Every structure is written in C-alpha cells, then in structure tokens.
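Heads up: the structure comes next, in structure tokens.
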Amino acid sequence: MSTHANHPFHLVDYSPWPLTGSIGAMTTVSGLVKWFHQYDSSLLLLGNMITILTVYQWWRDVSREGTFQGLHTLMVTLGLRWGMILFIVSEILFFISFFWAFFHSSLSPAIELGTMWPPLGITPFNPFQIPLLNTSILLASGVTITWAHHSLMEGNHSQTTQGLFFTVILGVYFTILQAYEYIEAPFTIADAVYGSTFYMATGFHGFHVLIGSTFLIICLIRHLNNHFSSNHHFGFEAAAWYWHFVDVVWLFLYISIYWWGM
C-alpha cells in the first residue's frame, strides 16, 4: 500500500492521549466526589496529574505536526479555525445559562429573598474598586494581545514577545486580584441565589482566565522557539480569539452582576 497522501487532509496517527485524557477526567471527577464527602484529596491530585501530563504531551504532538511535519495544510487549518469558532460559541452558550439564572432571580426576586435584590443581609462588592481595576486590566490585555498579533503578522519578533509577555502578566494579575476579592468577600456561595449565581459566573470566568493564560504561556514559549511565522500561526490566533472572548464575557459580568446588580 502506498504511503503517499494525495489529499490535503491530516489523518492523525494512532494516539494514546484520548484514552489517557478520559482516564484523567474520570479520576478527577471521582476524586472531587471523594473530596466533597470529607475524604482526602489523593485521588483528585492523581486525576489532575494524569490530565496535566496528557495535555502537555498532546499539545506537544500537535505542535510537532503543525510546525515540523507540515501536516497543518490550508485545508486542515480551515477545519481548525471552524473548530475553534464552534468551541467559543459553545462557551458563549455556557455563560448565557449563568446570566439567565442571574436575571431570572434579580428581575423578579422571590418572596424568600425579601422581594429585593440583592437579598436582605447581603452586602455586594463596590463595582468601582477591585472590579473596575480588573476590568481595566482585561481591557489592557486585549490591547497587548492585539499588539502581539499585529507584530507577528509584520514579522516583528521582539514586539510579539513583549506583547505576549505583558498579556500573560496582566492575566496573572487579574487572577491574583480576583482571589483576593474572594478572600475578602462578605458573602459565600451558600448565601441565597445571589451568592450562587455570583460565584458560579465569576468563578467559571476566573477558571477561563487561567486556561487562557496557560494558552498564552504556551504560545509565548512556542514563539521564543520560532514555531510561528507571519502566515502560519493559527495556534497563536486561537489563543488570541479565546482571550478576546474572555474579555467580552467579563465586560458583561461587570456591567450586569457587579454594577447593575449591586
């Protein structure tokens, strides 16, 4: 049988990573259930370790296929673009469910909440303190990631590095401030539907910031190793799209939950 491929598609080799990723996810969820029931966190840590190792090696293989083996043709890249677009659309729908829950409760507060919003006894955050600072940080990170993208398209290696570096720093700074905000919060996730919707929406957004920061750190490392060129850098573009999605979701969170819902 001929090994020559006369088509532009990438038929992937056999890989163990989908299997190990599934095992890692199952172990992580099982460990979470065990931890929630007051047992130790050893199974959770094992699941996280399996998942992290799988992600590292899977990303390594994809980077090799696209960078060194030339398997990411224009047709393959187009498929990857649509895959990333559909993934971001699914994430938008994911956050819509949290906004739906928030507005369902806030626009018509139940009698159990005292028919008022925020519910009686809950002191919301001042939207013009840490939340406003975090908004400024994410907006600034949107500028720096765009700067890095345009620098990459123009073949400016040093400015791409600077833009990516500053974006990562701003993402980490945002995460630190949100963690501080949670530590100082005057209410918990158990404080009525306000606490539930607040922590679910902002917590999952914070989780997405961590994912996006990891994505950008990988892009920075790949850029320093000359994996990207001015016309072949979809990995970077996908990270930039994801980061802009995180920015826009935060703007809606800030306006609706922090400012309007105070």
Side-chain angles (χ1 to χ4, degrees), residues 55 59 62-63 66-67 72 74 76-96 99 127-128 130-179 201-202 204-259:
V55 167
W59 280 12
V62 172
S63 297
T67 306
H72 288 182
L74 290 176
V76 173
T77 303
L78 180 63
L80 292 173
R81 288 177 184 277
W82 275 110
M84 191 65 191
I85 289 169
L86 292 174
F87 170 67
I88 290 175
V89 169
S90 73
E91 292 281 72
I92 291 170
L93 296 174
F94 176 76
F95 276 99
I96 283 175
F99 285 109
F128 302 110
I130 290 181
L132 183 59
L133 176 58
N134 268 343
T135 303
S136 304
I137 290 168
L138 276 191
L139 289 175
S141 72
V143 173
T144 55
I145 191 68
T146 304
W147 169 34
H149 191 189
H150 283 271
S151 299
L152 181 58
M153 289 190 293
E154 293 170 3
N156 192 323
H157 189 277
S158 62
Q159 288 201 16
T160 304
T161 303
Q162 293 168 29
L164 268 173
F165 175 76
F166 286 127
T167 307
V168 170
I169 293 298
L170 290 169
V172 171
Y173 186 29
F174 175 94
T175 303
I176 292 171
L177 283 175
Q178 189 169 33
T202 59
F204 268 112
H205 177 268
F207 181 63
H208 282 71
V209 171
L210 287 173
I211 293 172
S213 299
T214 305
F215 209 166
L216 291 172
I217 290 169
I218 298 300
C219 286
L220 178 58
I221 294 170
R222 291 189 64 194
H223 174 65
L224 291 174
N225 284 285
N226 298 308
H227 285 194
F228 300 133
S229 66
S230 58
N231 58 2
H232 189 81
H233 54 263
F234 173 71
F236 176 87
E237 275 189 313
W241 293 354
Y242 190 84
W243 196 254
H244 286 306
F245 154 74
V246 168
D247 284 350
V248 172
V249 169
W250 176 259
L251 286 177
F252 281 100
L253 282 172
Y254 176 74
I255 292 170
S256 60
I257 294 180
Y258 283 100
W259 182 58

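Reckoned from all heavy atoms, side chains included, excluding hydrogens, waters and symmetry mates. For clarity, every value in this text was computed on a predicted model and none was experimentally measured.
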Does L93 have more than 12 heavy atoms from other residues, nucleotides or ligands lying within 6.0 Å of its CG? yes
If we only count heavy atoms from C-beta on, is the H208 to V249 side-chain gap below 4.5 Å? no
Please report the C-alpha distance between F99 and L253 in whole Å, then the side-chain angles of each, then the deciding distance to 0.1 Å, and finally whether the side chain to side chain contact (heavy atoms under 4.5 Å, CB included) criterion is met. CA-CA 8 Å; F99 285 109; L253 282 172; 3.7 Å; yes
More than 12 heavy atoms from other groups under 6.0 Å of CZ on F165: no
Hey, what do you get for CG (L224) to NE2 (H157), rounding to the nearest 0.5 Å? 6.0 Å
CD of Q159 to CG of L152, rounded to nearest 0.5 Å, is 12.0 Å
Just verifying a value: how many Å separate L139 CG and W250 CH2, rounded to the nearest 0.5 Å? 11.0 Å
So I145 and L164, do their side chains get closer than 4.5 Å, heavy atoms only? yes
Sorted by chain and number, sequence neighbours left out, ring-ring contact (aromatic ring centres under 6.0 Å, His included) with F166 holds for none
Nearest non-hydrogen partners of P127 and P131, listed with the distance: O-CB, 3.8 Å
Could you grab the distance from atom CG of L220 to atom OG of S213, nearest 0.5 Å is fine? 12.0 Å
Note, C219 side chain near H223 side chain (heavy atom, < 4.5 Å): no
Is any side-chain heavy atom of H72 less than 4.5 Å from a side-chain heavy atom of V62? yes
Counterpart residues, ring-ring contact (aromatic ring centres under 6.0 Å, His included), relative to H149 (two or more places apart): H233, F236
Would you indicate whether Y173, at its atom OH, is surrounded by more than 12 heavy atoms from other residues, nucleotides or ligands within a distance under 6.0 Å? no
Decide side chain to side chain contact (heavy atoms under 4.5 Å, CB included) for T167 and W147; before the verdict, give the C-alpha distance in whole Å, the side-chain angles of both, and the deciding distance to 0.1 Å. CA-CA 10 Å; T167 307; W147 169 34; over 6 Å; no
Evaluation steps, side chain to side chain contact (heavy atoms under 4.5 Å, CB included), between Y242 and F87: CA-CA 9 Å; Y242 190 84; F87 170 67; 3.6 Å; yes
Centroid-to-centroid, F94 to F204, below 6.0 Å? yes
Measure from the ring center of F174 to the ring center of H205 and say whether it is less than 6.0 Å. yes
I need the minimum non-hydrogen distance between I221 and N225, along with the two atoms involved. O-ND2, 2.8 Å
Separation of H227 NE2 from S63 OG (nearest 0.5 Å): 6.5 Å
Any residue meeting ring-ring contact (aromatic ring centres under 6.0 Å, His included) with W241, in chain and number order, not counting sequence neighbours: F234
Ignoring hydrogens and angles, tell me if any N or O in the side chain of E237 forms a donor-acceptor pair with the backbone of R81 under 3.5 Å. no
Mind checking whether W243 and L138 have side chains closer than 4.5 Å, heavy atoms only? yes
Give, for atom OG1 of T202 and atom OH of Y258, the distance between the pair rounded to the nearest 0.5 Å. 5.0 Å
